[in-house]
Structure formats: structure tokens, C-alpha cells
Amino acid sequence: MIIEKHLTIVNKLGLHARAATLLAKLANQFEASITLHQEGKEAFANSVLALMMLESSQGKKVLVRCDGSDAEDALLAVENLIVNKFNEKE
Amino acid sequence: MIISDIISLDRTECAVNCQSKKRIFEVISEIAVKGNPQLDLTHVLTAMLSREKMGSTGIGNGIAIPHGRIEGIEDIVAIIVTSEEPVQFDAIDDKPVDIFFALLVPSEQTQEHLQTLSSIARKLSDKEIVKAIREAASKDQIIAALA
């Protein structure tokens with residue numbers, strides 16, 4: 001199953017190293033392949049380096065695509081992490 | 001941002017003999033301060049260690065990007081160290097680390113910081129570059145690999 005959703009990066013620091021690492025760790029927990037798409041660039045969510053190359057700053061819109069048997073759970077988990085500002089204060 | 005703006009031969013060290021995660025942070029801090037006497041050794045070390053406590057900067061494939069926010073610096077400064085033997089670093093893939101691409105970041109920077117991370121990530125996701133850094137026999141070869 002493939003599902004996708006547009007999400008906005010809301011934390012002040014954007015997808016910096018720690019945020020990217022948290023997302024990659026989360027992505028590794030799912031069987032589904034998770035990709036982020038932003039302005040023509042694409043990154044596998046389980047790669048910290050690929051995520052950092054997106055340069056996703058606060059306010060950027062990213063399309064999260066999950067492909068696999070647990071795609072729904074994966075998307076929900078990724079959405080929670082992004083909406084909760086990667087557990088950052090601002 | 002081009003990577004040559006933030007790296008320097010003075011702040012690069014090849015194949016250091018280092019057995020522990022703590023020691024590698026000390027080595028990185030010593031190199032940073034040697035190249036910039038305005039920096040305070042304890043301050044630099046504390047900034048990087050407190051960031052590390054929030055989660056390992058070991059990003060996988062034997063690479064780590066230790067970093068810390070430093071008050072009073074104008075520009076991002078990179079310190080590049082390779083270790084003779086890989087060091088246990090609690091990395092995301094549990095592999096020990098032998099390439100350390102450390103960054104001291106001005107305290108208020110956000111956008112530029114993301115651009116810098118992106119430039120570094122582009123270099124470090126290139127398998128040939130990483131291989132050349134890992135196999136470098138001198139710090140000149142490390143700088144050449146990243147140029």
C-alpha cells in the first residue's frame with residue numbers, strides 16, 4: 001500500500017542533524033519504505049545524510065510517502081514527529 | 001556555501017590514536033582551540049558534549065558529525081578528524097566511527113546551518129569521497145578528498 005501526505009516543517013531549526021537522526025531512527029522501525037519529497041528533491045527517511053540534503057527549514061512543505069504493509073502506521077508516526085517539532089521547544 | 005570555506009588544513013587531523021568517545025571530543029576541541037585562540041577549550045568541549053547527550057551524532061557508516069553552538073563566533077568552523085581505529089559512538093547503525101566531521105556553529109544561526117549540513121551531507125554521501133577520507137595517509141589527502 002502506498003499512502004502520502006503533505007506536511008509542513010514547523011520547528012524553528014528545521015530538519016537539522018538531531019531532527020534528521022530522530023526521523024531516520026523512526027523510519028528504521030517500519031517495514032514500509034518512507035520517502036520525503038520537497039521541491040524536486042527526494043530523500044529516503046532512513047538516511048540522515050539524505051534528509052540533511054533536503055535543507056528543510058521552518059515553513060517548508062514536504063510530501064511524505066510511505067510504501068509497504070505498515071504504511072499507515074509509518075505515516076502517522078512521521079506526522080506525529082514533525083507536528084510535535086521533533087520534541088523541540090520551538 | 002562551499003565546503004572549502006569552513007574546512008582548513010590546520011583543523012584537520014589524520015589517523016589519530018584514540019580509544020574512546022570522550023577522548024575524540026577532547027582531540028577535536030584541542031584542534032579547534034589551537035587554530036583559534038579566542039575559543040575556550042572547556043567551553044568548546046562542553047558545548048559538543050551537551051549536544052551529544054541529547055542523542056548521538058553518529059549518523060551511520062562510520063561517520064559522525066559532532067557539533068555544538070558557540071557564542072561569539074561569526075562563522076561555522078569545521079574540524080575534521082579520522083581515527084586510526086574506529087571508536088564506539090552509539091551511532092544510529094551501531095557501527096563504530098572513524099570519520100569525525102565536527103562543527104562549531106554560531107549560536108543564532110539556523111538557515112545557514114541547514115545549508116552547511118546539506119553541503120557536508122552531499123560530500124559524505126559520496127562513497128568515493130568517504131573511501132578517500134578513510135584511506136587518507138595524511139591530512140592533506142583528507143582536504144583533497146573534500147575539495
Side-chain angles (χ1 to χ4, degrees), chain A residues 7-63 74 77-78 80-82 84-90, chain B residues 1-3 47-69 76 78 89-95 97 99-130 133 146:
Chain A
L7 295 167
T8 304
I9 301 294
V10 283
N11 65 315
K12 184 184 171 193
L13 297 176
L15 212 44
H16 62 120
R18 198 178 70 84
T21 306
L22 280 177
L23 179 50
K25 271 189 183 166
L26 183 72
N28 275 329
Q29 295 170 14
F30 294 94
E31 180 274 324
S33 156
I34 306 170
T35 48
L36 266 64
H37 306 255
Q38 179 201 294
E39 294 164 358
K41 291 189 276 191
E42 181 183 357
F44 280 105
N46 61 3
S47 164
V48 179
L49 287 171
L51 291 172
M52 292 199 305
M53 279 192 271
L54 287 180
E55 257 179 68
S56 299
S57 52
Q58 190 178 37
K60 289 276 186 196
K61 290 203 170 15
V62 293
L63 176 72
V78 172
N80 272 334
L81 187 64
I82 291 177
N84 289 321
K85 302 178 181 169
F86 300 92
N87 311 324
E88 289 163 21
K89 278 188 197 140
E90 51 181 5
Chain B
M1 221 293 307
I2 48 169
I3 211 136
M48 282 196 294
L49 287 176
S50 47
R51 163 59 186 85
E52 200 67 28
K53 267 189 199 150
M54 297 167 71
S56 176
T57 56
I59 56 171
N61 296 321
I63 300 168
I65 46 167
H67 55 277
R69 299 262 173 184
I76 294 182
F89 212 77
D90 312 308
I92 190 166
D93 58 358
D94 291 324
K95 286 184 188 162
V97 172
I99 297 176
F100 303 88
F101 201 120
L103 295 172
L104 305 183
V105 185
S107 48
E108 283 308 308
Q109 222 182 53
T110 53
Q111 188 63 42
E112 297 96 323
H113 179 53
L114 287 181
Q115 286 170 8
T116 307
L117 285 177
S118 175
S119 307
I120 294 168
R122 220 167 291 136
K123 295 283 184 187
L124 297 179
S125 57
D126 183 326
K127 287 192 175 68
E128 292 300 314
I129 293 178
V130 173
I133 295 172
L146 286 162

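Atom-to-atom distance recorded for A/Leu49:CG and B/Asp126:CG is 11.0 Å, nearest 0.5 angstrom. Rounded to the nearest 0.5 angstrom, B/Leu124 CG and A/Met52 CE are separated by 7.5 Å. Atom CG of residue B/Asp93 and atom NZ of residue A/Lys25 lie 11.0 Å apart, to the nearest 0.5 angstrom.
Crowding of A/Lys61 atom NZ: a count of heavy atoms from other residues, nucleotides or ligands under 6.0 Å not exceeding 12.
Of all non-hydrogen atoms in B/Ser118 and A/Glu55, the two that sit nearest each other are OG-OE2, 3.1 Å. Scanning both residues, B/Ile65 and A/Ala17, for their nearest heavy atoms gives CD1-CB, 3.8 Å. Of all non-hydrogen atoms in A/Thr21 and B/Ile92, the two that sit nearest each other are O-CD1, 3.8 Å.
Between B/Leu117 and A/His16 the shortest side-chain heavy-atom distance falls below 4.5 Å. Two residues are said to be in side-chain contact when any heavy atoms from C-beta on lie closer than 4.5 Å; A/Gln58 and B/Thr110 fail this criterion.
The candidate from B/Met54, B/Gln109, B/His113 with the greatest count of non-hydrogen atom pairs under 4.5 Å with chain A is B/Met54.
Contacts between A/Ser56 and chain B at a heavy-atom distance below 4.5 Å involve the backbone alone (N, CA, C, O). For A/Leu22, no part lies under 4.5 angstrom from a heavy atom of chain B. Using a 4.5 Å cut-off between heavy atoms, B/Ser56 touches chain A through its backbone atoms (N, CA, C, O) alone.
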